[in-house]
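One structure is given here, and the rest of the page talks about it.
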Amino acid sequence: MDTDIAPLRQLLYVSSSNPRGAQIDVAKVVEQSRHNNALDGVTGLLWSDNTRFLQVLEGTAESVGTTFARIKQDPRHHAIVVLHDRPIEKRQFGSWTMAQRRPGDNADAFDEQMRRALENASESVRGNFLGLIAARG
Ligand SMILES: Cc1cc2nc3c(=O)[nH]c(=O)nc-3n(C[C@H](O)[C@H](O)[C@H](O)COP(=O)(O)O)c2cc1C
């Protein structure tokens with residue numbers, strides 16, 4: 001994705017799985033996202049512990065806008081709060097990555113994986129992700 005010409009946008013939000021909905025199937029979300037984002041040229045990172053989500057989306061202003069408009073309407077989560085939405089000069093995430101921590105996963109290995117994924121991210125993005133991970137129960 002080094003060939004972007006249009007101005008890029010980066011949006012970061014948090015949300016919670018909808019307590020009124022059925023248990024969220026994160027694998028399904030990942031499958032949909034991987035497919036759509038590849039087509040739309042959207043990159044970023046989605047973190048989930050099955051209850052909360054933190055996602056960064058980056059791409060052209062238009063592709064991030066249409067993707068986030070769909071995500072906002074998704075009844076599987078709610079309480080969506082945009083932490084930042086700003087123009088960026090280049091992508092901080094070259095691909096689309098999902099980090100999901102499942103019960104029983106090795107916490108240190110997971111944290112290490114996240115740190116690696118965040119290597120090129122700005123301070124504020126990294127701070128938000130690492131802060132949320134540190135707050136895990
Ligand atoms: C936490 C969360 C994150 C999501 N992230 C994405 C995403 O990055 N890209 C995407 O296309 N859909 C994402 N979705 C799914 C969209 O809300 C929507 O269901 C999907 O884009 C519809 O795709 P379809 O028309 O191909 O079925 C996400 C949903 C949730 C609950």
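Computed from a predicted structure; not experimentally measured.
- E58 approaches F93 most closely through the heavy-atom pair OE2-N, 2.6 Å.
- Pairing each heavy atom of G59 with each of V64, the nearest pair is N-CG2, 3.3 Å.
- Judged as a ring pair (Phe, Tyr, Trp, His ring centres under 6.0 Å), and not counting sequence neighbours, the contacts of Y13 are F68.
- The hydrophobic cluster containing L39 does not contain L57, counting ILVMFWY residues as joined when their side-chain heavy atoms lie under 4.5 angstrom apart, directly or transitively.
- Judged by distance alone, the side chain of H77 and the main-chain N or O of V14 form no donor-acceptor pair under 3.5 Å.
- By the side chain to side chain contact (heavy atoms under 4.5 Å, CB included) test, R126 is found to be paired with L118, E123, L130, residues two or more places apart in sequence or in another chain being considered.
- Applying the side chain to side chain contact (heavy atoms under 4.5 Å, CB included) test to N18 and every residue at least two apart in sequence or in another chain returns R20, H78.
- The OG1 atom of T67 sits 9.5 Å away from the CZ atom of R9 when rounded to the nearest 0.5 Å.
- The hydrophobic cluster containing L8, built from Ile/Leu/Val/Met/Phe/Trp/Tyr side-chain heavy atoms closer than 4.5 Å, also comprises I88.
- Atom-to-atom distance recorded for L12:CG and Q55:CD is 9.5 Å, nearest 0.5 angstrom.
- Applying the salt bridge (Lys or Arg N to Asp or Glu O under 4.0 Å) test to every pair with at least one member in residues 62-78, sequence neighbours left out, gives these pairs: D40-R70, D74-R76.
- With sequence neighbours left out, S33 forms a side chain to side chain contact (heavy atoms under 4.5 Å, CB included) with V29, N37, W96.
- Scanning for side chain to side chain donor-acceptor pair (under 3.5 Å) contacts around S63 gives T60, with sequence neighbours left out.
- Checked against salt bridge (Lys or Arg N to Asp or Glu O under 4.0 Å), D25 has no partners two or more places apart in sequence or in another chain.
- Enclosure of atom CD in Q32 by more than 12 non-hydrogen atoms of other residues, nucleotides or ligands within 6.0 angstrom is indicated.
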Where do L54 and L83 land on the side chain to side chain contact (heavy atoms under 4.5 Å, CB included) test, with the steps shown first?
CA-CA 10 Å; L54 183 66; L83 300 177; 4.0 Å; yes
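- Residues passing the side chain to side chain contact (heavy atoms under 4.5 Å, CB included) test with S122, sequence neighbours excluded: R86, Q92, S124, V125.
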